[in-house]
Structure formats: structure tokens, C-alpha cells
Amino acid sequence: MLLYLARRLLWTILVVLVVMFVTFLVFFKLPNGDPALRFAGKSPTTASLAEIHKRLHLDKPFYVEYGYFVKNFAVGDDQGWPGLGYSYGNYVSVRSEILERAPRTLFLVAGAATLWLIFGVAIGVLSAVKRRTWIDRVAMGFALFGISAPVFWLGLMSLFVVWKKLGLTGGSGYVPLSDGIGAWFSHMILPWTVLALLYIAIYARLTRNNLLETLGEDYIRTARAKGLSERTVIFKHGLRASLSPIATIFGLDIALLVGGAIITESVFNIQGLGWLAFNGAITQDLPSVLGVVICTATAVAVMNLVVDVVYAFLDPRVRYA
Amino acid sequence: MAGVGGSSLLEVRDLSVRFRTRDGVVQAVSNLSFTLERGETLGVVGESGSGKSVTSLAIMGLLNRNFADITGEILFEGRDLLKLSPAELRKVRGKDVSMIFQDPFACLHPMYRVGSQIAEAVRAHSDVSKSVAQARAVELLDAVGIPNAAVRARDYPHQFSGGMRQRAMIAMALVHNPAVLIADEPTTALDVTVQAQIVELIDKVKRDFNVGVMLITHDLGVVAETASHVLVMYGGRAMEYGPSYEIFHAAQHPYAWGLLESMPRVDRKLDVLIPIEGSPPSLLNPPPGCPFNPRCKYRFDACDKQSPKLVQLPGGHLDSCFLSTERKQAEWRDKVSEEISQ
Amino acid sequence: MTAAPTTVGGVAPQTVTRSGFELFWLRFKEDRAALLGAGTIGVLIVIAIFGGPIASAVTGHPNTEQYQQIMQDSFGLPKGPTSAFWFGSDGEARDLFVRTMYGARTSLIVGVVASGIAVLIGLVVGMIAGFYRGIVDTILSRTGDVMLAMPQLLISIGIVAACSSNKNGCVIAGPIAIQPGLALVIAVIVIFSWPYIARLVRGFTLSIREKEFVEASRSLGASDTRIIFREILPNLSGPIIVYTTLLIPQSILFEAALSYLGLGVPPDTASWGGLLNDAQRYYDTAWWLMFFPGLFLVITTLAFNLLGDGLRDALDVRAER
Amino acid sequence: MKKPFGRLVALAGVVAAIVVATAAGATAHSNKASSIKSGGTLNVGWEQSFGFTDNMDPTGEYLGDAFGILDNLLVRTLVGYTHNADGPGNAIVADIATTVPKPTNGGLTYTFKIKQGVKFSPPVNRQVTSADFVTALEREANPKDGAQYAFYYKPIKGWDAYAAGKAKSISGIKTPDASTIVFTLTTPTGDFLKRLAMPAAGPMPVEVTKCFEGQPGKYTADLISTAGYMIKGIDEVDISSCANIKPAAGYDGQTILDVVRNPNYVKSTDPTRKNYVDEVKFMVNASNVDIYNKIESGQLDMATSSIPPAVLKKYATSSSKKQYFHQNSGDRTWYITMNLTQAPFDDIHVRRAMNYIVDKDALRQGWGGPTVGDIANHLVPDALFGGQLKSYNPYKTPGNHGSAALAMKAMKGSKYSTGNSGMCDAAACKNVLLVSDTRGVDPGMVATLQQDAKKIGITFKVRQINGAYPTIQTPSKNVPISERPGWGKDYADALTFFLPLFDGRTIIANGNTNYSLVGVTPAQCKTLKIGGNCTGVPSVDTQLDKCSVQIDPARTTCYENLDKYLMTNVVPWVPWMWSKVTRITSSNVTHYQFDQFATTPAYAMISVK
């Protein structure tokens with residue numbers, strides 16, 4: 001088991017490094033522009049550009065800079081550990097930018113994840129239990145709509161209808177908790193709902209399929225043969241066994257959203273990590289992009305480990321293997 | 001051995017089960033009738049897909065009535081189980097009628113401890129505390145021959161061997177001293193050495209608890225050892241039904257002959273084992289006529305026109321075949337019984 | 001007796017006398033949702049081919065013509081639907097109806113071509129990995145791990161940005177270059193979707209190659225090529241059809257997302273995502289601008305998803321685990 | 001009104017007389033003195049982070065929005081501005097210096113006396129001396145410190161030697177005593193005072209800035225103020241050693257800049273700033289829709305963000321909201337740039353035809369119509385010329401809608417036009433690369449341009465890039481045409497347009513601002529890898545040199561003539577709009593004033609309820 005964990009950990013680190021490297025490759029010195037221009041003013045001179053290149057290590061081949069980056073990440077820089085360097089955009093420390101943005105994303109993802117886990121599983125269970133009834137059809141029709149409708153469209157439409165026309169919620173933009181929990185909630189509820197909708201759809205379909213498959217298992221028949229109530233059969237015996245695969249993708253989905261809720265964050269102007277990365281990507285701000293990419297990749301890695309543990313908790317076969 | 005009010009322990013009358021599937025209607029069981037009394041074993045034999053398991057599930061009330069049309073009567077101590085509400089049926093299931101299944105590997109929930117799964121069965125029908133239920137589970141595990149039962153009760157199913165799991169299943173089925181125990185191919189998935197032990201255990205349970213056992217199997221050997229009556233099924237129909245001795249010594253139906261011929265026996269060389277040609281029929285939109293007709297060596301014109309009725313024969317057993325009694329007796333005497341006894 | 005009839009009672013037909021296609025068609029023609037999806041796709045294909053020119057001819061409004069005098073107020077705000085402009089005006093004072101019709105072409109071309117190429121690559125790689133195992137298989141599954149942790153949208157943004165800035169596009173080798181615009185968007189989608197297909201194909205190939213008929217074929221001395229083309233490929237056709245159908249809406253949504261973020265097809269090419277990008281500026285005033293293109297987008301993806309689900313059921317395709 | 005102020009206004013009158021007529025078109029808001037009161041907090045919405053171009057470090061910062069903050073609230077300079085709109089707002093007045101000096105020695109020497117009582121904010125707490133200006137300018141000269149407009153100070157003697165590390169000090173800056181500073185130039189520079197009025201030239205305490213050497217952009221968080229406000233929490237920063245210096249609480253570079261009153265500020269030394277409010281908070285919010293909702297509800301008082309068209313319309317047309325709607329000249333030209341080395345724009349006939357064919361009104365319509373600005377007829381905004389070129393319109397078309405007839409007439413004689421067709425019908429006119437941006441307004445502009453150019457036979461291959469500038473600024477990318485550019489003044493002098501935009505000698509490989517490559521030589525083309533027609537590209541280098549040494553009024557006339565020459569004989573652009581600066585305020589704002597130098601709200605002159 002320990003050996004397995006160590007191997008997993010090593011592999012995870014390797015994945016993070018490769019992801020970072022690919023990101024680096026794609027974004028380093030985008031043919032589109034020289035990041036040094038940001039610091040060189042309206043009328044740059046060759047000399048000032050050269051100076052800035054030196055400052056940002058842009059005069060070195062990309063693998064050298066990648067080396068710098070990995071080194072700083074590993075041993076820390078003047079901002080402490082992990083060293084993520086300074087944004088090419090405004091020379092603010094990427095670490096502090098990420099710390100600034102992270103709560104927004106975490107609130108967004110946590111809220112949405114709660115919604116989609118509850119509703120996704122509930123709808124899936126309902127649909128499976130009421131299989132081939134109109135409830136099932138409506139639920140699965142809704143789920144199909146959920147996976148078909150793009151977040152940016154739902155976001156814009158919901159802002160227009162719910163906020164602009166009906167005035168039921170706050171508009172776009174992030175309101176920190178310190179401005180009052182009511183204002184915060186009123187601004188978060190739409191992004192939560194819209195982001196969650198896609199996942200509710202996915203989870204409902206997944207839960208339904210898993211549960212139907214589980215309900216076809218022999219041990220479910222055993223449970224019924226014991227004379228257990230249908231409720232016990234479905235929730236205690238059926239759902240328990242269906243949850244393991246859901247736990248797996250739940251962990252991964254959350255992790256990927258750490259830097260991946262780009263569209264939701266931009267539609268609702270949340271300006272979390274996804275927005276930071278997107279903004280970095282279109283302004284050639286490599287350190288910001290990398291900072292967020294590292295966060296996401298690390299979140300994926302950590303979540304994978306967490307999922308393993310949860311799996312062991314959920315499934316004794318894994319635990320005792 | 002009559003049950004309460006003179007009625008049999010379990011009497012199935014004219015049972016038919018039809019499944020509506022995406023691809024059409026499946027006629028899984030047709031016009032099946034039989035009875036079972038306390039302390040006796042009814043062996044139900046037939047190939048895969050002959051409707052044995054469906055029949056047992058129908059008795060247990062485990063078929064989803066939304067997809068299965070069930071007609072006929074299943075009388076348990078005179079009460080028609082098919083007319084009970086789901087809640088009433090649940091009270092019977094696992095208490096008066098219990099069942100053990102073919103694959104003990106798949107029939108225990110992999111994520112709960114064996115003991116607690118049995119305890120759960122205890123608490124399903126009696127309002128006792130968890131510890132009492134657990135104690136009962138250990139007691140039964142011990143009774144079915146699990147060594148060190150108190151400790152093993154805390155194991156998960158995957159830590160049990162196949163035979164132990166089947167023992168656990170039997171223990172689970174016995175928690176409420178049921179009147180009927182249905183065993184659906186209880187030994188098929190087990191090692192040969194374990195098979196005998198399980199068969200023996202079921203037989204012992206039958207005697208100790210005075211239950212009526214419905215033993216579903218395609219192993220005629222097991223039936224020969226334990227059953228008092230035998231029901232031969234094919235294509236969802238009863239082909240032959242009667243006392244065990246009658247079936248084994250004066251089988252009347254060509255399909256029963258086929259089964260007997262294909263039965264491996266310790267005293268017989270393997271090279272003369274004769275399989276039945278062809279494969280079982282599709283129950284999806286079955287053709288008219290005797291279901292065995294396409295594979296029957298003795299078929300004649302009448303066989304594909306309509307289905308033969310089950311007819312009472314001398315010697316107290318029933319048979320459905322258009323062949324004349326004389327012809328059947330002649331065939332049995334001259335060929336089949338000879339081959340079997342070789 | 002492996003597939004024991006269970007509580008829900010699907011007794012598998014023991015002998016299949018009908019041909020595979022017959023069975024498929026029997027099931028499929030009963031699936032009204034899937035038929036609706038297929039019908040809608042048919043209409044959409046017609047729209048994609050003829051819709052734009054016909055809309056132009058009927059309204060008399062060319063695709064790129066601006067009608068600032070009629071369809072914008074003095075503040076440059078677009079005007080809503082009128083009898084001459086059925087869907088109103090887009091942000092650039094063009095006829096939104098005509099643009100939306102032309103947008104179908106972009107979406108379908110991207111969806112079909114990108115999915116087609118991805119499936120082709122995925123099929124080849126997946127079959128090689130599944131059939132020969134070994135190094136290709138290892139690389140494939142490792143690539144999959146990395147891809148999963150990769151921030152896809154972000155990297156796509158990087159690639160698009162990098163390639164757009166160059167006059168000759170992204171030079172791959174010598175004269176082979178991917179031009180910005182449709183081709184680049186398609187390339188990006190392919191990059192991120194072929195591993196998904198490859199993984200699926202690998203799984204199916206693995207299970208097929210263990211089947212009796214393959215064993216039989218092999219024992220009769222059939223060559224690998226013969227086994228691949230005669231035994232495995234035909235048996236992959238079901239999954240391929242299903243997953244191609246399901247990949248198309250994903251590709252369409254990806255294009256729309258990129259265009260929504262301003263990184264998709266050139267602005268003069270009509271695209272639903274591009275129109276929604278436009279709508280973002282006016283979402284609080286010009287509802288028609290987000291409503292119509294979004295509606296078509298949702299209908300399109302919904303149709304493909306319906307068809308894909310129907311095909312999956314009718315062809316009885318289940319993902320191998 | 002205090003005495004020095006009156007005197008300075010009189011002095012400024014000379015300049016104002018020239019400039020004042022430019023106010024036409026810009027709606028100067030009338031100030032109701034009675035509504036002005038001191039106190040309160042001004043909340044400003046900010047669309048981007050404070051990164052700007054150098055994180056607001058005065059040495060490097062080069063954006064008008066930042067100039068407005070530094071100049072009004074934090075950094076005083078030797079000479080400065082009155083923080084007013086229009087002409088008066090562009091006039092130079094004395095700030096830390098006792099008077100505005102007249103140059104001596106043939107325009108080569110400037111001598112300043114420093115007022116007593118001008119002190120650095122806490123934690124420095126001492127009188128500003130002449131040496132503090134040297135500190136600032138040495139920081140500007142040191143390439144490691146991220147200066148972005150050091151070239152404006154190149155005329156100072158010894159500047160280049162210091163910048164190259166060949167001298168320990170700048171020989172042209174002398175400090176005979178703590179309150180005197182003398183600048184010696186190598187060449188007369190007509191706008192030298194305006195260059196000294198830029199934030200980089202404001203005094204800096206060496207005890208703090210020495211800790212930020214080679215760390216451009218980091219000084220901001222500990223910026224030591226000389227004006228009426230300081231960054232909140234700066235007084236709690238420990239400057240006893242460099243290691244102890246931590247960023248002040250009021251500035252994080254990303255979400256907030258919070259300034260509060262500077263206790264060391266002596267009002268009597270400052271003739272210009274009113275400093276009505278007690279605190280100014282600049283808060284970042286990327287959604288302009290959100291920002292303007294908050295302004296309407298009073299949560300914010302104003303913003304620097306672009307105004308959504310719907311909001312613009314609401315405030316411009318509603319009689320009740322009009323009082324919160326403020327417009328001023330933006331001193332900024334928006335133009336279509338054409339590359340003089342790339343076909344078909346290497347032919348002046350084509351460039352002239354483009355000036356005739358483009359529907360400038362349609363382009364402006366896409367930006368929000370007449371409210372957002374005036375149609376541009378030539379290069380430099382009229383306001384900078386005091387309105388002298390107001391009637392100059394060399395490519396006049398009816399209603400500014402463009403004219404195919406005039407364009408085709410101009411096209412005649414072009415090598416790309418066969419016979420007398422007036423159409424650009426050569427192969428070079430087809431699929432011309434047009435590099436476009438992804439800003440919201442750009443697709444509309446591109447559509448207009450495509451529609452227009454087609455009328456004279458030119459078609460475009462459009463490349464849309466998120467952030468088109470870096471590509472346009474790279475000559476080796478050979479971008480023939482782009483709709484993206486706009487250019488604003490650094491200070492009120494036409495030189496800030498002509499020098500960066502048309503000087504052939506300043507063309508560089510990356511970040512080049514002379515997009516049209518005016519004055520490029522075949523030799524430059526070779527070293528910069530420009531693949532186009534580089535022979536005979538017109539140059540205005542000599543005219544530029546001639547104008548830059550002039551002082552007004554000859555200076556302005558010189559630049560007017562250069563503008564005309566470029567418009568008729570070089571034709572590098574299609575200028576199409578001089579944008580206005582529109583600001584919307586909340587009902588809390590009782591007095592609004594515009595700072596023409598920075599073209600931002602004059603934060604020091606605004607009062608709230």
C-alpha cells in the first residue's frame with residue numbers, strides 16, 4: 001500500500017511537471033508578443049527592452065527559464081514557498097494574486113459542487129427508481145438539456161432574466177463575504193446554479209445509470225429477498241454501491257474547476273483563478289498562467305489521492321486488498 | 001402433510017409470466033402448476049432459460065410487476081401471494097418464504113459485513129436490537145457450519161470462500177425459520193467438493209427446520225439424492241412432474257430422457273454422455289406447438305400445431321407430450337433406461 | 001448462465017435470428033426522441049448548406065452588410081426584431097437572422113470535421129494500443145493521465161493566440177501550416193478530443209480481441225491485418241458511430257466557447273459563439289442577440305445528443321471499464 | 001482664492017488664450033461653488049488592476065489613468081498643472097518650485113527654487129530638497145529601474161552617460177544648495193517644463209527608493225507622497241532598514257488603492273490642489289456593467305472603465321441624469337494605420353483613396369455614435385493646436401460617410417489600378433492582411449472597413465488577435481493595415497504624437513510605435529527583417545528636429561504644418577475619431593472637475609456629499 005502510494009505520488013508529480021512544461025511551451029514567448037513590452041512604455045527603446053528581457057530571464061532559452069521556474073517553485077523565492085514569481089502584467093507576486101483570487105473560485109466551486117452533488121444524485125436516483133415513467137423522462141430530458149446548453153448562454157440569459165428583468169438576485173461581479181452574507185449570496189446564487197446545471201445533468205445521468213446497474217446486481221435481489229423495504233434496498237444497498245464511481249469524478253471535477261471555471265468566471269465577472277489564468281493567457285502573462293495551472297494540476301493530484309482514500313473508505317474490497 | 005386449513009404449504013396454479021421488453025414479449029413461464037409440502041424437497045430441473053428461476057422469483061414476489069405480467073395463483077398456506085400488496089408481500093418474503101441464490105459471490109453486498117447483513121435480515125421482520133440481531137446472526141452462522149462464527153461475522157464477503165458465502169446465504173435465509181426455502185442452483189458456482197457439503201446442509205436444514213425446499217438445479221444427481229418430487233421444465237412449461245422415483249425410473253417425456261442421458265454419473269463413462277442437440281428456444285414470441293418440438297427426436301405432425309396438455313399418468317405423475325403412452329413406455333424401456341444404466 | 005434474469009426481468013433472447021442492422025432499426029425506429037434528433041439534424045444540415053444564402057435572398061440582406069442607419073440608434077445600440085429583420089440586428093448592425101443561418105454552417109463544419117478527424121486518429125491509435133498493447137498502450141494511457149490534468153481551454157487559448165499572430169499561421173513542417181480561423185479551431189479541438197476516442201477504442205479493441213471469433217480466426221492462421229480489418233473494425237463500428245455522434249456536440253460547444261472568448265473564427269465569419277460574444281456586450285439590453293444564436297446552438301447540440309443516446313441504446317454500446 | 005493662485009492663472013492666461021477656443025464640443029461642467037464641501041470618501045471603480053504599465057511606480061508608470069492619481073493625490077512636481085479642463089488644464093504652473101522659470105542661456109538652462117514647507121509624508125517626515133529631484137531623475141535614468149519615458153529627459157546633459165553607467169551622476173543636474181536645482185540641456189527643448197511636470201520627475205526620498213533599486217514596480221506600495229494624500233497605512237511602515245520595509249496596507253496592486261490625508265501636507269505651499277475629500281478609494285472590478293450599476297446606486301462615485309453603450313445612452317439622454325454626465329476632450333486620436341512598405345499601401349494613391357473611402361461616421365457609430373467623440377480630419381487632436389486646424393479637412397466627404405467617387409478619383413494613377421478605372425484591381429489589392437483586435441468594437445469596425453474597401457477593389461484577410469498591438473508593433477510581421485491604433489498625448493504638446501509615431505530613426509524590432517514605418521530606410525528594413533518595398537519611403541525626420549527645438553507660438557505652427565504635410569504628402573493613416581473622455585458620477589458627487597493633463601477626473605478637485 002505504501003509503495004503504491006509512493007508510486008502514485010511520484011507519477012502525480014511527474015504529471016504536474018509535464019503539464020507545466022506543456023503550458024510553458026505553449027505560452028513562452030507567444031509569437032504574438034514580447035511580454036517585456038508591458039514594462040517598456042508607450043515608446044520603448046531597444047535598450048530598455050533588453051534590460052527588461054534580462055530582468056524577466058526572457059533572454060534565456062525557454063528550457064533555462066523553465067528550470068528557473070521549477071527551481072523557484074521547489075525552493076521558493078523572495079515571497080516564500082512556493083515561489084511562483086512575478087506577474088508579467090503588473091509585477092505583482094503571482095502567489096499573492098492567487099491567494100487574492102482563490103477564495104472567489106473556492107466559494108464558486110464549493111457552492112456549485114454542493115448543488116450539483118445534491119441535485120444530480122437526487123435526480124438520478126428519482127429517475128432510476130421511477131424508470132420509464134414520465135418523471136424519468138422529464139428528468140432525463142432536463143439532464144440532456146443540461147449537457148447541451150453552453151454555460152455562457154445560460155449565464156447571459158439568466159443574468160438578463162433573473163437579474164435584469166426580475167431583479168431577484170444580484171448582478172454580475174463578486175461581492176466579498178465582508179460586504180454581508182446576503183449580498184454575497186445574492187451574487188453567488190446565479191453563478192452557482194448555472195455552473196452546477198451542467199454537472200447536475202452529468203451526475204443525474206451517471207447516478208441513474210450506476211444505480212440501475214447496481215439495482216440489477218444479485219445482492220440487491222438478496223436484499224429484497226430478505227424482505228427489506230424498498231427504501232432500504234435503494235438507499236442503503238443500491239446507492240452505497242453506486243457512489244464509488246461518482247466520488248471519483250466528483251473529486252476530479254472539483255479539482256479541474258479550480259482553474260477551469262474560466263467561462264463561468266468571465267460571464268459572471270467573478271475574477272477568480274480561472275479569470276486570472278484567462279487574462280494571463282491573452283496578455284502573455286506566463287507566470288500568472290503557470291501559477292494557476294500549477295494550482296489546478298496540484299488540485300487534480302491531491303484530489304486523486306483523496307479519491308483513493310474515499311474509495312477505500314467506501315469499498316472494503318479496496319481497503320483490505 | 002397438509003398445512004393450515006387443509007391447504008398445501010405452497011401451491012402454484014396455472015402460473016404464467018410474461019415480460020414486456022423493448023424487443024417484444026417474452027413468455028417466460030406458461031401455465032405452470034405444482035405443490036410443495038413441509039419437510040419435502042421439490043426438485044425443479046431444466047436447462048438455462050427454462051423458466052425455473054423466473055418461477056422462483058415470482059413466488060418470492062421479486063419480479064417487477066411493471067414489466068412482468070403474472071397470471072395464475074401462488075397459494076402460500078392458502079393465501080394468494082400474487083394478490084398481496086407490496087407491503088404485505090414484504091412481510092412474507094424472507095420470513096415465511098426465503099431464498100438462496102446461485103452465485104454466492106454476487107449475492108452478498110460487497111460493502112457490508114457478513115454478520116450485519118444477516119442481522120439486517122433479522123431486523124427486517126422482528127423488532128429486536130442490533131446486538132440481539134447480531135447474536136442471532138452469529139448463532140446461525142455457527143449453525144450452518146462457519147467455524148469461529150463470532151469473529152467471521154465481522155468479515156466482509158470477499159474474505160469468505162465461495163462455500164462459506166453460500167453457508168452465510170443459507171444462514172440468512174433461515175433467520176426466521178421459514179416454511180419454504182427456495183434454493184436457486186445453490187451449488188452451481190461452487191467447487192465440486194463444496195457442492196456436496198452444501199447439498200447436505202440444505203437437506204439437514206430441511207429436516208431440522210421442517211421446511212419445504214424448492215431446489216432449482218440442472219443437476220439431476222442432486223435431485224436424485226434429495227428430492228421427493230421432481231418438476232421438469234422446458235421453455236417455460238412443465239414437461240413432466242411427479243414423485244422423484246417415478247421420474248427417475250419411468251420418465252415419460254423425451255426431454256426428460258434427454259436430461260437423464262446428459263446427466264454425468266459417477267458410474268458412467270464420460271464418452272457416452274449424450275448432449276441434447278440444439279439449443280433452448282427463444283422465449284421471445286415463441287412459435288405455437290410443443291416448445292421442445294424443434295429439438296425432439298420423436299416429433300411428428302401434431303407437435304408444431306399446438307402445445308400438449310399436462311396429462312395425469314398412472315403412477316401419479318404428469319406429463320405433456322403427444323406421444324402415445326405405449327410408444328413412450330417402449331422407448332423408455334428399450335433405449336433410454338438402458339443407456340442411462342450402462 | 002451468466003446474465004441471470006433479474007428482478008427487472010430482461011430475459012435475454014437466447015438466439016438472435018435477426019441481423020444486427022435489423023435489430024438496430026427495430027429499436028431505433030421506436031425511439032421517438034432519437035428520431036426527433038435525427039430529423040432536427042437533417043434540417044440543420046439543410047440550413048447549413050442552403051440556409052445562409054436563402055435567408056440572404058429572402059431578406060435581401062447580405063451576410064456581412066451593415067445597416068447602421070436602420071438597425072442602430074444614435075448610440076450604436078442594436079435594434080430588436082422587426083418585420084424586415086426577423087431576429088433583429090447583431091452588435092455590428094448586420095441582420096442577425098442571416099448571420100444565425102450562416103452560423104449553422106460554421107458550427108456543423110467544425111463539429112463534423114473536428115470530430116471526424118479526432119475519431120480517425122483516435123481509432124488508429126486506440127486500435128494499435130488495444131491490439132498490440134505494449135509501448136503504444138503505455139504511452140496512450142499516460143498521455144490520457146496528462147491530458148486529464150491539462151487545463152484544456154487555457155492551452156487552447158494559448159495555441160490559438162500563438163497561431164493567430166503569424167501571417168502564415170502555425171507552421172507545422174515546411175509548407176504545412178494551420179491557418180488561423182476555422183482550421184485552427186478544428187485543430188485545437190482535435191488535439192484535445194482524440195485521446196478520449198483513442199481510450200474508448202482501446203477498451204473496445206481489448207475486449208473484442210479476447211472474443212472467441214477472434215481467437216478462432218487467429219487459430220485459422222489469419223494475419224494481424226486481416227484480424228484488424230475483418231474482425232475488429234466491423235465490431236467497432238457501433239461504438240464509433242455512437243461516440244462520433246456524441247463528440248460532435250462537444251466540438252460544436254468547444255468552438256462556441258472559443259468564439260465566445262473571442263478566440264474562434266474570424267469576426268467576419270458568422271458563428272453562433274461569435275454572436276454570443278457580441279451579445280455579451282449588450283446582454284442587459286439586446287436579448288435577441290443572445291437568444292437566437294444560443295437557441296440554435298442548444299437545439300443543435302441537443303439534437304446530436306438525442307441521436308447519440310438513441311444510437312447508443314439501439315446499438316447497445318456500453319463503455320468498457 | 002489664495003494669492004499665488006491668482007497670479008498663476010494670469011500667467012497661464014497666455015497659453016489659455018490660444019487654447020481656450022478648443023473647448024467647443026467639450027461640455028465643460030459648470031461648478032456650483034455652493035455645493036462644494038470638504039470631507040467624505042470618494043469611491044472610484046477601476047476596470048483593470050493597477051498594473052497598468054508599471055504597477056503605478058512613478059518612475060515607470062506611463063498611463064493617463066495613473067498620471068491622474070499620482071498627479072492629483074500623491075506626487076507633486078517642480079512645475080505642474082491646475083487640474084482643470086481644456087486649455088487652462090494644460091498650462092504649466094509652479095508647484096514645488098517657487099516660480100515657473102524662464103530658460104536662460106539660449107534655452108539651455110533652467111533654474112528652480114524650492115518652496116519651504118513641502119514635506120514628505122510619514123514615515124519620512126522631512127522637507128523636500130533639491131537632492132530628492134536628483135534621486136528621482138537618476139532613478140528614471142537607470143535602465144534597471146523600469147523607466148518608461150526616459151527619452152524625454154535625454155536632452156539633459158550627461159543623461160546618456162549616466163544611463164550607460166559611465167558617470168556617477170548626471171552632469172546636467174546641479175544642486176548648489178538644498179533649495180536650488182539647475183538643469184543644463186544639450187539642445188533647446190521647447191517643452192522641457194512639461195517634461196518636468198510628469199510624475200517621474202517628482203521628488204523621491206533616497207532613504208526609501210534605495211531599497212527598491214532594480215525592482216521596478218515595487219516602490220508603489222511604499223510610495224512616499226508629497227501631495228495632499230498618502231497611501232493608507234504608509235505611516236506604519238518601518239523604514240529603519242530596507243529589510244523592514246513592508247508594503248503599506250492601502251495598496252495591493254490588484255484590488256484596492258486607498259489614499260487618506262497626508263498629515264505633513266501644508267496647503268499654503270500648494271496653489272492648485274483643493275483636496276476636498278478625506279479619502280479616495282480605487283477599487284478594481286472587471287465588469288463595467290457592474291461598476292455602472294453601482295454608480296447608479298451610489299455604491300461607487302465614478303469609474304475609469306469604458307461605459308457600456310446602454311449606460312451612455314441613458315445618461316446622455318435622460319434630463320434627470322444629465323447632471324451626472326461629464327464630457328471632456330480626450331486629446332486622443334483613433335486611426336487606421338497603413339504600412340508604407342506593404343502593398344498596396346506602399347502607393348500613396350491607395351492611401352489617399354482609403355482616406356476618402358472610409359465611412360468615419362460608421363466607425364464612430366460602432367463605438368457609440370457622436371457622443372463618444374468628434375470625427376478626426378487630421379492627425380493631432382485640434383485641441384493641442386488650439387483649434388487652428390479646425391477647418392482643415394483634406395479628405396472631406398459628405399457626412400463623413402466616405403465617397404467612392406472621390407476615392408476612385410484619388411486612386412487614378414496608382415500602379416495597382418489599371419487604366420482609369422479608379423479601382424484597386426491588381427492582385428496585391430486582394431486578401432490584404434488586416435490585423436484586428438478582439439475588443440468588442442473591433443468586429444464592427446472591420447466589417448465597415450471591408451464593406452468600404454471593397455468599393456475600391458480592396459479585400460482583406462482578417463486576423464483577429466486578442467491584443468493586436470504586439471503584432472502591429474513588430475515591423476517584421478509586415479502588417480499592412482490595422483484598425484486598432486489610438487494614440488493619446490503624454491502632455492499637451494504635439495511632439496508627444498510626432499516623435500513616437502513618425503520618427504524613422506526610432507523604429508525598432510519589437511514594440512515599435514511608428515506602425516506606418518514613416519521614414520524607414522532600406523538599411524533598417526534589412527536589419528529589422530522587414531519584407532516590403534522599402535525604397536523611397538517618405539521621411540519627416542528633418543521637420544521633426546526643426547519643430548522640437550521651437551518654443552510657442554512658432555512651435556505649434558511648425559507642428560501644424562507638419563500635420564498637414566503628413567496628411568497630404570505621406571498619408572500614413574486614416575484618422576477617424578478624436579475621442580472624448582466621458583465620466584459618469586453618482587449623486588454623491590457634488591462637484592466634478594476634469595484634469596486635462598492626465599485626461600482623467602481631477603481627484604483632488606472633486607467633492608462629495
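What you see is a predicted model; the values in this text were computed from it and never measured. Per chain, numbering begins at 1; letters A, B, ... match sequence-line order. Below, each value reflects all heavy atoms present in this structure, side chains not excepted, and no hydrogens, waters or symmetry copies.
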Min side-chain heavy-atom separation B:Met99-A:Arg221 under 4.5 Å: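 SC-SC contact between B:Met99 and A:Arg221 ruled out.
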
Portion of A:Ser229 that has a non-hydrogen atom of chain B nearer than 4.5 angstrom: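 For A:Ser229, the contact with chain B is made by backbone and side chain together.
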
Checking the side chain of [X] only, and the main-chain atoms of [Y] only, is there a donor and an acceptor separated by less than 3.5 Å?
X        : Y        : value
A:Tyr219 : B:Phe105 : no
A:Thr222 : B:Cys107 : yes
B:Arg93  : A:Ala225 : no
B:His125 : A:Lys226 : yes

Side chain to side chain contact (heavy atoms under 4.5 Å, CB included) assessment of B:Gln102 paired with A:Asp218: CA-CA 9 Å; B:Gln102 173 186 2; A:Asp218 287 356; over 6 Å; no

Quick one: [atom1] on [X] to [atom2] on [Y], what's the gap to the nearest 0.5 Å?
X        : Y        : atom1 : atom2 : result
B:Arg123 : A:Leu228 : CZ    : CG    : 11.0 Å
B:Phe67  : A:Arg132 : CZ    : CZ    : 4.5 Å
B:Asn64  : A:Arg224 : CG    : CZ    : 7.5 Å

Heavy-atom pair of closest approach, residues A:Ser244 and B:Met111: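 Heavy atoms of A:Ser244 and B:Met111 come nearest at OG-CE, 4.0 Å.
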
Heavy-atom pair with the smallest gap, counting every atom of A:Pro316 and B:Pro110: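 Scanning both residues, the minimum pair turns out to be CG-O, 3.2 Å.
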
No-hydrogen, no-angle side-chain donor-acceptor test under 3.5 Å, B:Glu120 and A:His237: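 Side-chain D/A pair, B:Glu120 to A:His237: present.
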
Over 12 non-hydrogen atoms of neighbours within 6.0 angstrom of NZ in B:Lys95: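 Open: at most 12 neighbouring heavy atoms sit under 6.0 Å from NZ of B:Lys95.
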
